[in-house]
Peer 1: 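First the structure, which I've put down as structure tokens, then a few questions once you've had a look.
The structure presented is a predicted model; accordingly, all values stated were derived computationally and were not measured.
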Amino acid sequence: QSTWGHFLSVYFFSCVFLSPTVCIMAAEVYRLFRVHCTLYEMLNDRGYLVDKQNLPPLFTLERFKAEKCTLEGEGDQSSYILNNRNNLWMIHWRKDDDKDGIFVFFPDEAKMGVKPIRTYHAKMLSEKINRAIVVTQAAPTPFAKQVT
């Protein structure tokens with residue numbers, strides 16, 4: 001059985017006895033952990049400076065929970081809740097050019113509108129960075145897609 005299949009069966013089993021809200025929060029934390037790992041691997045592969053401690057296998061789900069989440073609830077109903085998606089943002093510089101950077105933003109809004117895009121654009125202009133990755137929870141609004 002694959003590791004992924006093993007995780008799914010263990011995760012499903014652990015959710016059987018918990019409330020649906022706790023399961024949704026646990027799934028969100030795990031999903032953002034996977035996004036975090038994928039982003040660091042991708043940035044490393046594309047020549048950006050990344051701390052090797054933030055790459056798998058050194059960066060674990062337990063470490064992600066300890067650094068980015070808060071434990072809420074008691075007993076069987078306790079779960080980790082992400083502190084704030086906006087606090088996950090990152091900036092990385094190329095290994096061979098310290099003036100060439102990239103931002104990674106995690107907006108709090110479920111559907112990203114024009115306001116966060118303008119905020120991110122202003123931040124990019126102030127830091128003189130031309131690249132960004134925006135990790136959204138859902139597709140941007142139609143008007144936000146038109147903003148350039």
Peer 1: Evaluate the criterion side chain to side chain contact (heavy atoms under 4.5 Å, CB included) for residue pair Val29 and Ile81; output intermediate values, then yes/no.
Peer 2: CA-CA 7 Å; Val29 168; Ile81 298 173; 6.0 Å; no
Peer 1: Quick check for you: to the nearest 0.5 Å, what is the distance between Asn83 atom CG and Cys69 atom SG?
Peer 2: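 It comes to 6.5 Å.
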Peer 1: Do Val134 and Val114 belong together in a cluster built from hydrophobic side chains that touch within less than 4.5 Å?
Peer 2: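 Cluster IDs for Val134 and Val114 match.
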Peer 1: To the nearest 0.5 Å, what is the distance between OG on Ser79 and NZ on Lys65?
Peer 2: 9.5 Å
Peer 1: With hydrophobic residues grouped by side-chain heavy-atom distances under 4.5 Å, do Leu49 and Met42 end up in a single group?
Peer 2: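 The answer is no; the residues belong to distinct hydrophobic clusters.
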Peer 1: Between Glu127 and Lys123, does a salt bridge (charged side-chain N to carboxylate O under 4.0 Å, His left out) hold up when you go through it step by step?
Peer 2: CA-CA 6 Å; Glu127 295 287 334; Lys123 189 170 191 118; over 6 Å; no
Peer 1: Given Leu39, which partner from the list Met90, His92, Arg34 fulfils the side-chain contact (heavy atoms from CB on, under 4.5 Å) test?
Peer 2: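 Running side-chain contact (heavy atoms from CB on, under 4.5 Å) over Met90, His92, Arg34 with Leu39 returns exactly one hit, Met90.
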Peer 1: Applying the 4.5 Å side-chain criterion to the ILVMFWY set and letting contacts propagate, would Ile117 and Phe143 be lumped into a single cluster?
Peer 2: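 Linked, Ile117 and Phe143 end up in one cluster.
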Peer 1: Any carboxylate oxygen within less than 4.0 angstrom of a Lys/Arg side-chain nitrogen, looking at Glu28 and Arg31?
Peer 2: yes
Peer 1: Is there a side chain to side chain contact (heavy atoms under 4.5 Å, CB included) between Glu109 and Lys115? Walk through the geometry before answering.
Peer 2: CA-CA 10 Å; Glu109 299 83 9; Lys115 186 177 178 183; over 6 Å; no
Peer 1: Side chains of Leu55 and Val50: closer than 4.5 Å at any heavy-atom pair?
Peer 2: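 Side-chain contact under 4.5 Å: yes.
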Peer 1: Identify the residue among Ile91, Leu43, Leu88, Val35 that makes a side-chain contact (heavy atoms from CB on, under 4.5 Å) with Val104.
Peer 2: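 For Val104, the side-chain contact (heavy atoms from CB on, under 4.5 Å) test succeeds with only one of Ile91, Leu43, Leu88, Val35, which is Leu43.
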Peer 1: Can you find a pair of side-chain heavy atoms, one from Met112 and one from Val135, that are under 4.5 Å apart?
Peer 2: no
Peer 1: Okay, side chain of Arg131, backbone of Asp100: is any donor-acceptor separation there less than 3.5 Å?
Peer 2: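 No; judged by distance alone, with no hydrogens or angles, the pair does not exist.
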Peer 1: Roughly how far, to the nearest 0.5 Å, is the CG atom of Asn54 from the OH atom of Tyr40?
Peer 2: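 Atom-to-atom, Tyr40:OH and Asn54:CG are 4.0 Å apart.
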Peer 1: Can you confirm whether Phe105 sits close enough to Ile133 that some side-chain heavy atom of one is under 4.5 Å from a side-chain heavy atom of the other?
Peer 2: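 No; the side chains remain at least 4.5 Å from each other.
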Peer 1: Output, in order, the C-alpha distance, side-chain angles, deciding distance and verdict of side chain to side chain contact (heavy atoms under 4.5 Å, CB included) for Phe59 and Glu67.
Peer 2: CA-CA 11 Å; Phe59 194 78; Glu67 292 178 6; 3.8 Å; yes
Peer 1: For the NZ atom of Lys95 and the OH atom of Tyr48, what is their distance to the nearest 0.5 Å?
Peer 2: 11.5 Å
Peer 1: Does the side chain of Thr136 come within less than 4.5 Å of Pro107's, by heavy atoms?
Peer 2: yes
Peer 1: Contact between Pro140 and Lys111 at the side-chain level, heavy atoms closer than 4.5 Å - yes or no?
Peer 2: no
Peer 1: Output, in order, the C-alpha distance, side-chain angles, deciding distance and verdict of ring-ring contact (aromatic ring centres under 6.0 Å, His included) for Phe106 and Trp89.
Peer 2: CA-CA 6 Å; Phe106 292 81; Trp89 75 274; over 10 Å; no
Peer 1: Would you indicate whether Asn86, at its atom CG, is surrounded by more than 12 heavy atoms from other residues, nucleotides or ligands within a distance under 6.0 Å?
Peer 2: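 Atom CG in Asn86 is crowded, with more than 12 foreign heavy atoms closer than 6.0 Å.
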Peer 1: Under the criterion side-chain contact (heavy atoms from CB on, under 4.5 Å), which of Arg85, Lys68, Gln137 is the partner of Leu32?
Peer 2: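 Exactly one option meets the side-chain contact (heavy atoms from CB on, under 4.5 Å) with Leu32, and it is Arg85.
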